[in-house]
Amino acid sequence: MSSSPLTATPSPLLPAKSKNPPPHHHHHNPLLAYLPHCTSLRALAQLHAVAVKAGGGLQAHPAFVTRLLTLCTEQGAEAPAHLAYARQVFDRIPHPGDVVWYNTLLRGYARGGGGGGGAEEAARVFVRMMEEGVAPDTYTFVSLLKACASARAGEEGRQAHGVAVKAGAAEHEYVAPTLINMYAECGDVRAARVMFDRMDGECVVSYNAMITASVRSSLPGEALVLFREMQAKGLKPTSVTLISVLSACALLGALELGRWIHDYIRKMRLDSLVKVNTALIDMYAKCGSLEDAIGVFQDMESRDKQAWSVMMVAYANHGYGREAISMFEEMKKQGMKPDDVTFLGVLYACSHSGMVSEGLQYFDSMREYGIVSGIKHYGCVTDLLARSGQLERAYKFIDELPIKPTAILWRTLLSACAGHGDVDMGKRVFERILELDDSHGGDYVIFSNLCANTGRWEEMNMVRKLMSEKGVVKVPGCSSIEIDNMVHEFFAGDGSHPHSQEARRMVDEVIEQLKLVGYVPNTSHVFHVEMGEEEKATSLRYHSEKLAISFGLLNTAPGTTLRIVKNLRVCPDCHSMAKLVSMVFNRRIILRDLNRFHHFEDGVCSCGDYW
DNA sequence: ATAGGGTTAG
C-alpha cells in the first residue's frame with residue numbers, strides 16, 4: 001500500500017536466511033567504493049543488482065548492511081515502512097556482532113520511527129544485543145533513551161536509565177542530557193531536575209536540556225532562572241539556549257525580554273540561523289507584535305517549511321485568516337512540500353476565520369500529499385465545524401473517526417455548544433467527555449454555565465455536585481502584563497499581587513467611567529452561581545483581565561499599548577470591557593487568550609467577536 | 001557507520 005522504494009526493491013536485498021553464519025567476505029570488493037554515493041534505497045538496490053551480475057552479492061558484507069540500515073533508519077518518522085524493512089533485514093542476520101548495526105537501528109526508533117511502540121521495539125533490539133554479547137556504547141544509550149523520549153514511554157525510559165547506570169554510562173556527557181530530555185518528554189520534570197542537579201553544572205547542553213524541559217512543562221519562569229544562572233556561571237549560551245529562552249518569552253508574553261534576546265542574538269551574530277529566526281517570529285507573534293514577526297520573516301535570507309508554518313500560524317492567531325492562506329499558497333508556489341504541521345496551520349487558520357468550505361477542502365487535499373491526518377488535524381476540523389455552528393455534523397465527525405477520539409476533541413465541541421447556546425448537544429458531549437476524562441475543571445465550568453444560561457437549574461446543580469464529589473477544581477483565571485521588564489501576574493479576585501489593592505481601586509474608577517458610556521456588567525458567565533447578584537458583580541469586577549488592564553492603565557504613559565496574557569479564554573464581559581477601554585482611554589489593547597489574540601482599538605476587536 | 005539540546009489543534 002505504500003509507494004516507498006521498498007515495494008520496488010523487495011527481497012533481493014535481504015540476506016539469505018541460513019542457519020550458518022554467512023562467510024565473512026572481508027575481501028575487497030571494488031563495488032564498495034560506490035556505497036557512499038548510494039543516497040537512496042533505489043540506488044543501493046541498483047548497486048546490488050550490479051554486484052549480483054558480477055557474480056557474488058554484497059548483502060552479507062557488513063559495510064553494505066550498515067549502509068542499508070542507515071538509509072532506512074534516517075528517514076525516521078517520515079517513513080515507518082523503511083524502518084520496519086531495516087528491522088526485517090536486521091532480524092535475518094544470524095548473529096549480528098557489530099555495535100553500529102544495533103545503534104543504527106536504535107537511531108531509527110529514536111527519531112520517532114516506531115511511533116508509540118518505538119520504545120518497546122528499541123528495548124527488544126537492546127535485549128538482543130545483550131544476548132549476542134555485544135557491548136553497548138554511549139551512542140547505544142543515547143539512542144535507546146531517545147527512543148523512549150519520542151515514544152513518551154516513561155516506564156521504558158526508567159528501565160533504560162537503570163541499565164545505563166549499571167553500565168556506568170549515565171553520567172556520560174552525552175548520555176546525561178539525553179536522560180534529562182527523556183524525563184522531560186515523558187512529562188516528569190522533577191526526575192529531569194534530579195538528573196540535572198546531580199551534574200557538575202558546567203555543561204551548556206545540560207542547561208539547554210533543563211531549560212527546554214522547563215519550557216515544555218509550562219514553567220517558563222523556571223527556564224529564565226536557569227538562563228540567568230548559566231550566564232552567571234559564565235557559560236556561553238548557544239543558539240539552542242536562545243531558541244528555548246525565546247520560547248519561554250513566548251509563553252510568558254514577555255516582549256521586552258524577547259527584544260533583549262533579539263539584540264543579544266544580533267550581537268552574537270546568530271541572526272542568520274533559520275531556526276533562531278523562526279523562534280523569533282514565534283516569540284514576537286505570541287507576544288502580540290505581529291509587525292515584528294513579519295519584519296523578521298521578511299529579513300530572512302532563506303526560509304524553511306517551519307519558518308513558513310510559524311508565520312502562517314502567526315497570521316491566523318492574530319485574526320488574518322486570508323493572509324495565512326496566501327502564505328500557504330505562496331510557499332507551495334515556491335516549491336515547498338507542505339507537511340503535517342503545515343496543514344495544521346492552514347486548518348487552524350480556516351477554523352479561526354470561519355472559512356469552513358476552504359478548510360474542508362484543504363483537509364481533503366492532505367491525502368494528495370500522502371499525509372496521514374492525526375488527532376490534531378481532526379481537532380482543527382472539529383473546531384472548524386463546531387465553531388461555525390454545525391454542531392451535529394461535528395458530533396458525527398468525532399464519533400466516526402478512524403481513531404479513538406480524545407477528551408480534547410469533545411472539549412472543543414463543548415466550547416462551541418456553549419458559544420451557540422445548545423444545551424442539549426452540550427449535555428450529550430459533556431457525557432462523552434466524562435467517559436474519557438472527568439478531572440478537567442473547565443468542562444464542568446463550561447457546561448454548568450451553559451445550563452445556567454439556558455435556565456436548566458437542576459442540571460446545573462447536578463454538575464456542580466458532581467464536580468465537588470470528584471474533588472475537581474476550577475483553574476483560577478490569571479492574567480499577566482509586562483511593564484518595564486517586570487511581569488505582573490493577577491489572579492481573579494485575590495489580593496496576592498503587591499499592587500492588587502491599587503489595581504482594584506483603578507478597576508473601580510475605570511468601571512465608573514465606562515458606565516457613563518453605557519457599560520453594563522454581564523454576569524452570565526460568573527461561575528459561582530450560588531452567589532447573590534451583588535457578589536456576582538464583585539467577582540466579575542475583579543476578573544484577572546480587568547485587574548491587569550487597569551494596572552496597565554495606571555502604570556504606563558498615556559497612549560502606550562497594553563499587552564496582556566491570559567491563561568484561559570477571555571470572558572464576554574471582559575471582552576466588552578476591553579473594547580470600551582480602548583475607546584474611552586484611547587489605548588490599543590493586545591490580549592492573548594488561551595486560543596488566540598484580541599486586538600482592541602477604537603472600541604472594536606480584531607476577532608470580530610468570533611472566538 | 002553512529003551522537004546530546006530546539007516550533008505544532010483545544
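Just so it is clear: chains get the letters A, B, ... in the order the sequence lines come, proteins before strands, and each one is counted from 1.
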### Task
Using atom NE2 of A:H377 as one end and atom C1' of B:dT8 as the other, report the distance to the nearest whole Å.
9 Å
### Query
For A:H172, what residues pass the side chain to side chain contact (heavy atoms under 4.5 Å, CB included) criterion, not counting sequence neighbours?
A:T138, A:Y174, A:V175
#### Entry: A:Y183 OH - B:dG5 P separation (whole Å)
15 Å
### Summary
Which of B:dA9, B:dG5, B:dT7 is nearest the side chain of A:L344? It is B:dA9
### Task
Report the distance from atom CG of A:N277 to atom C1' of B:dG6, rounded to the nearest whole Å.
14 Å
### Message
Using a heavy-atom cut-off of 4.0 Å across all strands, would you classify A:T412 as base, sugar-phosphate, or nothing?
### Response
sugar-phosphate
### Message
How many whole angstroms separate atom CE of A:M283 from atom P of B:dT7?
### Response
14 Å
## Note on the structure
To the nearest angstrom, the NE2-P distance between A:H352 and B:dA9 comes to 9 Å
### Query
Just checking A:T212: base, sugar-phosphate only, or nothing, at a heavy-atom cut-off of under 4.0 Å?
sugar-phosphate
### Message
Any base atoms under 4.0 Å from A:K286, or only sugar-phosphate, or nothing? Heavy atoms, all strands.
### Response
sugar-phosphate
### salt bridge (charged side-chain N to carboxylate O under 4.0 Å, His left out) against A:R216, all qualifying residues, sequence neighbours excluded
A:E185
### Task
For A:Y315 and B:dT8, give me the distance from atom OH to atom C1', rounded to whole Å.
19 Å
### Query
Between atom OG of A:S143 and atom OH of A:Y109, what is the distance when rounded to the nearest 0.5 Å?
12.5 Å
### Query
NA contact type, A:I375, heavy-atom cut-off 4.0 Å: base, sugar-phosphate, or nothing?
base
### Message
Whether the side chain of A:T238 and the base of B:dG5 hold a donor-acceptor pair under 3.5 Å is what I'd like checked.
### Response
yes
### Query
Looking for any heavy atom pair under 4.0 Å, which part of the strands does A:L242 touch: base, sugar-phosphate only, or nothing?
nothing
### Message
Looking at A:D399 and A:R432, is there a salt bridge between them, counting it only when a charged N and a carboxylate O are closer than 4.0 Å?
### Response
yes
### Message
Measuring from the side chain of A:R569 (C-beta onward, heavy atoms only), which nucleotide among B:dG5, B:dG10, B:dT7 has the closest atom?
### Response
B:dG10
### Task
In whole angstrom, give the distance that lies between atom CG of A:D98 and atom P of B:dA1.
10 Å
## Note on the structure
Here the distance between atom P of B:dG6 and atom CD1 of A:I180, to the nearest Å, is 11 Å
